[in-house]
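As structure tokens, the structure follows; a few thoughts come after it.
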Amino acid sequence: MALQAAALLPSAFTIPKEGKASATLKDSSLFGISLSDNVKSDFGSSFKIKSRRKLSLGAVRAETMVASPGVTNAPVKGKRTMRKGCVVITGASSGLGLATAKALAETGKWHVIMACRDFLKAERAAKSAGIPKENYTIMHLDLASLDSVRQFVDNFRRSGNPLDVLVCNAAVYQPTAKEPSFTAEGFELSVGTNHLGHFLLSRLLLDDLKQSDYPSKRLIIVGSITGNTNTLAGNVPPKANLGDLRGLARGLDGLNSSAMIDGGDFDGAKAYKDSKVCNMLTMQEFHRRYHEETGITFASLYPGCIATTGLFREHIPLFRLLFPPFQKFITKGFVSEAEAGKRLAQVVSDPSLTKSGVYWSWNKNSSSFENQLSEEASDAEKARKVWEVSEKLVGLA
Ligand code: LMG
Ligand code: NDP
Ligand code: PMR
């Protein structure tokens with residue numbers, strides 16, 4: 001089994017033919033080997049130039065039109081009126097979400113809604129990160145409760161802010177749990193929070209995104225290399241595998257059915273990786289269903305291995321001690337929170353990253369490229385099934 005992955009390794013460094021936008025590059029950080037600069041700059045250059053030109057027009061007009069800072073419901077004077085963008089980031093109280101909030105807020109061009117389960121923690125985090133206070137608002141959101149998700153959507157609408165970009169970033173990881181824990185509605189916690197909570201949130205907020213007059217509207221769902229079995233990292237056991245979704249279809253309640261999507265025995269690390277596969281599949285299903293009709297950009301990404309974040313808080317102390325140096329010096333996949341925040345901020349706001357249906361990654365020089373997902377994470381039929389089963393579970397169907 002492991003050798004399947006070995007066979008895949010050389011192809012991880014396949015270089016696309018020059019000029020081809022549809023690259024077949026895999027996560028680039030395996031043992032520090034990455035793409036040559038030539039390939040990187042060739043790749044994607046055509047769409048970069050096009051979209052930059054289009055958007056800069058809007059930006060120039062915009063700067064002359066903004067009268068006062070802050071997100072307002074100022075009357076829309078034509079499609080290209082530019083104002084501060086408004087971005088909702090879930091789980092912005094630490095790690096990647098906080099770093100992204102900071103990176104965006106500091107540009108002065110974004111107002112960040114930090115959607116967090118712990119209000120005080122978020123406030124302290126924003127303050128100590130030095131995020132300018134006029135550029136963020138904290139709103140309560142507990143993704144482990146669908147009622148809370150619905151409440152958040154109501155509160156957000158009442159706040160009168162437009163929704164230009166939604167970033168589904170929050171996650172929990174329970175690598176050492178022997179028994180499953182559950183969300184308010186009784187779904188296994190990792191898939192319930194990371195996938196189902198975000199699934200409901202993004203389905204409900206799709207209407208708000210549609211109504212935005214911002215030049216580039218985006219819905220971003222954070223994925224990961226460890227959910228992709230076409231990489232070495234994705235082959236470290238336990239591997240992601242959604243199977244035939246029998247556990248998910250029965251509600252992941254751990255009572256009448258398994259707490260795992262594939263119906264197997266509970267494994268916290270696998271549940272997390274499975275949830276990331278659901279995140280990446282959901283992004284693609286959104287793209288297939290709504291991109292053409294709405295013009296919204298749907299994207300996912302692997303920001304790099306941010307080995308120092310709170311994600312590993314439940315891992316054993318030895319792991320937390322060794323994991324950062326292991327990633328820094330052995331795999332070379334390590335990235336700081338600040339750097340990862342800049343990467344995600346790019347996916348939120350960079351005019352050259354408007355392509356939809358894409359899973360972004362970065363090479364050693366921190367240049368973005370379109371990466372290829374594993375077979376399971378790009379399986380259109382599975383994406384449709386995950387979508388349909390999930391909408392039943394969250395009460396949308
Ligand atoms: C599980 O353990 C836990 O059970 C689970 O609870 C959860 O925590 C989960 O993913 C999280 O992990 C899986 C186990 C995987 O992880 C460990 O226990 C890690 C320690 C393993 C130590 C192995 C020594 C390697 C030396 C590395 C340097 C030390 C720094 C370590 C820092 C991190 C940890 C403390 O680990 C294993 O199963 C070990 C075997 C890993 C092999 C994975 C490779 C996949 C196969 C891919 C084939 C590629 C072939 C390579 C050929 C190369 C040819 C060029
Ligand atoms: P952190 O633990 O630092 O951040 C996770 C955030 O999610 C925290 O703000 C946490 O809130 C929030 N959160 C957890 N549960 C809920 C909930 N029920 N409702 C609302 N918010 C919640 O981890 P990272 O920054 O590393 O993780 C961010 C994203 O990056 C995740 O999607 C993760 O899968 C992804 N990722 C991380 C990688 C890494 O190497 N770290 C690699 C690849 C992807 P609180 O502060 O209250 O705990
Ligand atoms: Mg992994 C080839 C490089 C590589 C990369 C980029 C990652 C990323 N990891 C790599 C390799 C390995 N890891 C190897 C060879 C091992 C065996 C020693 C290994 C082990 C390992 C563990 C035990 N790695 C882990 C864990 C975790 O608990 C993390 C995890 O799986 O969380 C779900 C993790 C990660 N490794 C990564 C990344 C990004 C993670 C963090 C999890 C994520 O968000 O996906």
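All ligand and atom numbering here is 1-based and tracks the order in the structure.
Using a 4.0 Å cut-off to heavy atoms of T331, the atoms of ligand 3 that qualify are 3 (C), 4 (C), 10 (C), 11 (C). Applying the 4.0 Å criterion to heavy atoms of Y272 picks out, from ligand 3, the atoms 33 (C), 43 (C), 44 (O), 45 (O). Within ligand 2, the atoms closer than 4.0 Å to a non-hydrogen atom of A170 are 7 (O), 12 (C), 13 (N), 21 (N), 22 (C), 32 (O), numbered from 1 in the order shown. If you number the atoms of ligand 3 from 1 as listed, the ones under 4.0 Å from a heavy atom of C305 come out as 37 (C), 38 (C), 39 (C). Close approach of ligand 2 to G95 (heavy-atom distance below 4.0 Å) involves ligand atoms 3 (O), 25 (O). Remark: ligand 2 atoms within the under-4.0 Å shell around heavy atoms of A144 are 18 (N). Atoms of ligand 3 lying under 4.0 Å from at least one heavy atom of F326, given by number and element, are 12 (C), 13 (N), 14 (C), 15 (C), 16 (C), 18 (C), 19 (C). Near L232, meaning under 4.0 Å from one of its heavy atoms, ligand 3 places the atoms 2 (C). Set against the non-hydrogen atoms of L311, the atoms of ligand 2 under 4.0 Å away are 1 (P), 2 (O), 3 (O), 23 (O), 26 (O), 37 (C), 41 (N). Remark: ligand 3 atoms within the under-4.0 Å shell around heavy atoms of S224 are 43 (C), 44 (O), 45 (O). Per-residue contacts place H315 under 4.0 angstrom from the following atoms of ligand 3 (heavy atoms of the residue considered): 28 (O).
There is no side-chain donor-acceptor pair under 3.5 Å between Q284 and S378. Side chain to side chain, Y302 and N228 fail the donor-acceptor criterion of an N or O pair below 3.5 Å. With no hydrogens or angles considered, no side-chain donor-acceptor pair links S145 and D147 at under 3.5 Å.
Between the choices Y302, F312, F319, the shortest heavy-atom distance to atom 26 (C) of ligand 3 belongs to F319. Residue nearest to atom 4 (C) of ligand 3, selected from G333, A233, P175, G304: A233 (by heavy-atom distance). Closest to atom 43 (C) of ligand 2 by heavy atom, among P324, S224, S94, C305, is S224. For atom 19 (C) of ligand 3, the nearest non-hydrogen atom from the set V236, N228, I330 belongs to V236.
Residue contacts with ligand 2 include R313, since one or more of its heavy atoms lies under 4.0 Å from the ligand. Put simply, part of L311 is less than 4.0 Å from ligand 3, judged by heavy atoms. The closest approach between any non-hydrogen atom of Q327 and ligand 3 is below 4.0 Å. At a 4.0 Å cut-off, at least one heavy atom of T193 sits close enough to ligand 2 to count as contact. Using a 4.0 Å heavy-atom cutoff, F312 is listed among the residues neighbouring ligand 2. Using a 4.0 angstrom heavy-atom cutoff, G223 counts as in contact with ligand 2.
Applying the ring pair (Phe, Tyr, Trp, His ring centres under 6.0 Å) rule to pairs touching residues 376-397 yields F199-W387, F286-W387, sequence neighbours excluded.
Atom CZ of R83 is separated from atom CG of D213 by 4.5 Å, given to the nearest 0.5 angstrom.
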